[in-house]
Amino acid sequence: MSGTFRILPRAAIQRRRLVVGNWKMNPGTVDEAVALAAEVARIDARDVEVGIAPPAIALGRVAESVRGSALRVFAQDVHWEQKGAFTAQISASMLSGIAVGSIVGHSEVRRDQRDDDARVAAKATAALRAGLSVILCLGESLAQRTGGETDAVLERQVRDGIGRIPRDLLAAEHGARLAIAYEPIWAIGTGVAASGAQASEAIRKIRLELLRVGVDGTAATIMYGGSVTAASVREFARADGVDGALVGGSSLKEDELATIVAAVR
Ligand code: PGA
């Protein structure tokens, strides 16, 4: 199959462009989150979807404060069950009406909550079923890259993560709500971003694997994440197959994020 499949350039199929700031456990207070969101909401979002993922406790106030703007508000994680005895967790139905979607499978959540691919798939399924969008993160560790396992890891994460999401939720009318973020763990928060060529190669692999699990890999929006800055973004904005950026540290500065959005446009 890989012999005949050609990845079309972005311009040929009009994939949406997406820049999302993953604020992680920042900034310091909910008031600071509301103030930062107001600044980010002023970024020119022409031709690019711009989003932020504040901490759960700030979601309500942030979403309320930017209502009416183009800024899209995402959660950083979502539980796979609808409700029940799951202390500290938040369900997709609780996010509905506040956030437009959720990140799932971020490597820090995989690490801290021991999420495996099956659980990531369950979280994505719950979110899509509730009408939310999903940004599903995947990527290899440094040991996996240096051990030559990158392709195998991406293959497994697509097969066991995305491949387990029910087909009806990935069909064209719903599938547009699924975006993927290729985030090599060794590039996150390290200041050492992947090269554009490395990102393109991994994203090309992800598109091929999507095709193998019955998802239209050519149409899927795939972002790059990991030490994206105003300085490094040009490398990815030009890179083949990269449709946007998931931005951690640099998303906490409005002017830096504005430069990143402008480069992706
Ligand atoms: P970073 O984080 O931009 O600070 O490297 C990216 C992410 O974790 O999504």
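Just follow the structure's listing: the first ligand is 1, and inside any ligand the first atom is 1.
- Note that the CG atom of Asn22 and the CD1 atom of Ile188 stand 8.5 Å from one another [nearest 0.5 Å].
- Those atoms of ligand 1 with a heavy atom of Gly226 less than 4.0 angstrom away are 5 (O).
- Close approach to Leu246 involves these atoms of ligand 1, each under 4.0 Å from a residue heavy atom: 9 (O).
- At a threshold of 4.0 Å, the pair Arg207-Asp240 does not count as salt-bridged, since none of the basic side-chain nitrogens sits closer than that to a carboxylate oxygen.
- For the pair Ser227 and ligand 1, a heavy-atom separation below 4.0 Å is found.
- Under a 4.0 angstrom heavy-atom cut-off, Ala193 registers as lying outside contact with ligand 1.
- In this structure, a donor-acceptor pair under 3.5 Å is absent between the side chains of His106 and Gln76.
- With a 4.0 Å heavy-atom cut-off, ligand 1 is reached by the backbone of Ala187 but not by any atom from C-beta on.
- By the 3.5 Å distance cut-off applied to N or O atoms, Val247 is not counted among the residues near ligand 1.
- For residues 21-42, the salt bridge (charged side-chain N to carboxylate O under 4.0 Å, His left out) pairs, not counting sequence neighbours, are Lys24-Glu108, Asp31-Arg61.
- Between Glu209 and Lys205 there is a salt bridge, since a side-chain N of the basic residue sits under 4.0 Å from a carboxylate O of the acidic one.
- Between Ile188 and ligand 1, not a single N/O pair is under 3.5 Å apart.
- Every heavy atom of Gly225 sits 4.0 Å or more from the atoms of ligand 1.
- One distance of note links CG of Leu210 with CD1 of Ile162; it measures 5.0 Å at 0.5 Å rounding.
- Residue Glu183 has at least one nitrogen or oxygen atom sitting less than 3.5 Å from a nitrogen or oxygen atom of ligand 1, judged on distance alone.
- The distance from the OG atom of Ser107 to the CH2 atom of Trp186 is 12.5 Å, given to the nearest 0.5 Å.
- A donor-acceptor pair shorter than 3.5 Å cannot be found between the side chains of Ser232 and Glu235.
- When Gly248, Ser250, Ala53 are ranked by how near their heavy atoms come to atom 6 (C) of ligand 1, first place goes to Gly248.
- Close contacts between ligand 1 and Gly249 involve ligand atoms 1 (P), 3 (O), 4 (O) [criterion: under 4.0 Å to a heavy atom].
- Any N or O atom pair closer than 3.5 Å counts here, and His106 shares at least one such pair with ligand 1.
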